[in-house]
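Read the structure below first, then the notes.
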Amino acid sequence: AAKAQGRNNYRYFTASMQEEALYRRRLGNELRQALGSDQLALHYQPIVDLRSREITKAEALLRWKHPELGFIGPADFIPVAEETGIIVELGDWVFRQAARQVAIWRREFHPAFQISINKSPLQFREQGNDIHSWIAHLRSLGLPGQAIAIEITEGLLLDASSTVTEKLLAFRDAGIQVSLDDFGTGYSSLSYIKKFDVDNIKIDQSFVRNLSAGSDDMAVCEAIIVMAHKLGLEVVAEGIETEGQRKLLMDAGCDYGQGILFSMPKPADAFAQLVSTHQEATQRPSDLLV
Ligand code: C2E
Ligand code: MG
Ligand code: MG
Ligand code: MG
């Protein structure tokens with residue numbers, strides 16, 4: 001009986017692996033069309049200054065609304081985009097969308113508004129001389145490098161090849177800030193942070209999820225914040241869902257927060273609405289604030 005069951009499991013396993021492979025192939029084929037249509041969009045999530053409550057930054061998160069399969073998240077299609085190589089074009093599209101949007105929000109909201117975009121390690125390695133075309137593109141929109149930040153993960157820094165180092169330096173030379181995303185989940189070696197000279201660190205949401213006073217996660221967050229500040233880096237905490245988490249992180253000296261407590265990632269028009277309402281509220285005299 002055990003053997004029969006094992007065989008069933010095996011059959012089930014291979015069937016689902018085949019389905020998975022077919023699904024990925026389908027996504028790979030259709031992603032190219034999606035890129036030329038209006039199926040892809042960037043959603044924006046505010047990065048909130050924990051002390052002033054100002055919103056002067058946002059993270060751009062890619063969304064794919066597939067005509068038949070419905071909404072597909074980046075965790076599903078970014079790996080496919082990497083396998084098929086379309087990631088380079090996709091990354092370029094994300095950059096141009098974000099640049100166009102940040103130019104508008106610098107005029108409408110804040111002259112120093114910044115949008116951060118994610119770059120996966122493979123995307124980063126494959127990107128050819130695009131850095132220079134990106135910089136030229138920003139210049140053509142009248143934007144300084146500071147208008148855009150790139151979020152990379154620690155995995156990239158493990159690859160200490162000179163091309164990675166050179167590309168990171170080229171971004172930083174152009175004023176484009178480099179953020180270390182999902183900090184604490186990878187290798188988190190202090191030597192990487194020093195060596196690559198990033199501008200800020202994003203504490204991974206896994207440390208924020210169960211945050212409570214005196215917990216191990218709290219100790220980790222506090223240590224990251226102290227270390228980052230000593231190195232002259234700013235800290236963003238990701239995945240803030242509750243007022244309690246916000247308060248603990250603010251009291252620990254964390255600079256910025258991001259998460260559904262403030263807002264879900266939203267389409268550009270809804271994000272703009274959120275920021276204007278928020279600006280009115282924070283600019284009102286404090287006695288009017290509840
Ligand atoms: P990430 O860069 O770490 O982005 C944060 C993720 O946490 C986003 O998931 C966001 O929607 C989610 N999130 C935000 N607030 C909360 C919260 O309060 N609680 C919880 N539980 N989650 C929250 P999303 O949008 O599904 O993106 C997943 C990942 O896909 C991103 O992780 C990023 O690594 C990647 N990604 C997204 N857009 C792009 C892109 O344009 N290019 C590349 N290469 N990767 C992207
Ligand atoms: Mg990110
Ligand atoms: Mg993250
Ligand atoms: Mg992540």
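Start at 1 and go down the list; that is how both ligands and their atoms are numbered. What you see is a predicted model; the values in this text were computed from it and never measured.
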**OP:** Nearest heavy atom to atom 40 (C) of ligand 1 wins, so pick from L62, T185, I117, L40.
**Re:** L62

**OP:** Just go through Q123, E241, Q205 and tell me whose heavy atom is the nearest to atom 44 (N) of ligand 1.
**Re:** Q123

Test item: [X] and [Y] side chains (from C-beta on) under 4.5 Å apart, heavy atoms:
| X | Y | result |
| --- | --- | --- |
| I176 | L138 | yes |
| D49 | T56 | no |
| E238 | D181 | yes |

[atom1]/[X] to [atom2]/[Y] distance, rounded to the nearest 0.5 angstrom?
| X | Y | atom1 | atom2 | result |
| --- | --- | --- | --- | --- |
| L249 | L211 | CG | CG | 5.0 Å |
| E241 | F262 | CD | CZ | 11.5 Å |
| T185 | D204 | OG1 | CG | 4.5 Å |
| F171 | K119 | CZ | NZ | 4.5 Å |
| N210 | D217 | CG | CG | 6.0 Å |

Taking only heavy atoms of [X] into account, list the atoms of ligand 1 that are under 4.0 Å away from them.
| X | value |
| --- | --- |
| I260 | 15 (N), 17 (C), 18 (O) |
| D182 | 3 (O) |
| V94 | 41 (O) |
| D181 | 1 (P), 2 (O), 3 (O) |

Under 4.0 Å from ligand 1, counting heavy atoms only, is it the side chain of [X], its backbone, both or neither?
| X | value |
| --- | --- |
| K202 | neither |
| Q45 | side chain |
| N118 | both |
| L90 | neither |

Look at ligand 1 and say whether [X] reaches it with a heavy atom at a distance under 4.0 Å.
| X | result |
| --- | --- |
| R63 | yes |
| P265 | yes |
| E59 | yes |

Original post:
Do you know which of K266, Q258, E59 makes side chain to side chain donor-acceptor pair (under 3.5 Å) with Q45?
Top reply: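 One option only clears the test, and that one is Q258.
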
Original post:
Within E151, is some N, O or S atom less than 2.8 Å away from the Mg ion (ligand 3)?
Top reply: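 No N, O or S atom of E151 is closer than 2.8 Å to the Mg ion (ligand 3), so no.
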
**OP:** Indicate if the distance from the Mg ion (ligand 3) to the nearest N, O or S atom of D204 falls below 2.8 Å.
**Re:**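 So D204 does not bind the Mg ion (ligand 3) by this criterion.
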
**OP:** Considering just N/O/S atoms, say which atom of D182 is closest to the Mg ion (ligand 3).
**Re:**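 Result for D182 and the Mg ion (ligand 3): OD1.
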
**OP:** Walk me through it: do D199 and R172 pass the test salt bridge (charged side-chain N to carboxylate O under 4.0 Å, His left out)?
**Re:** CA-CA 9 Å; D199 298 284; R172 296 204 71 236; 2.8 Å; yes

**OP:** Run the salt-bridge test on E243 and K247 with the 4.0 Å N-O cut-off and return the result as yes or no.
**Re:** no

**OP:** Name whichever N, O or S atom of E59 ends up nearest to the Mg ion (ligand 2).
**Re:**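 Atom name returned: OE2.
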
Original post:
If the Mg ion (ligand 2) is the vertex, what is the angle to OD2 of D181 and OD1 of N118, rounded to 10 degrees?
Top reply: 90°

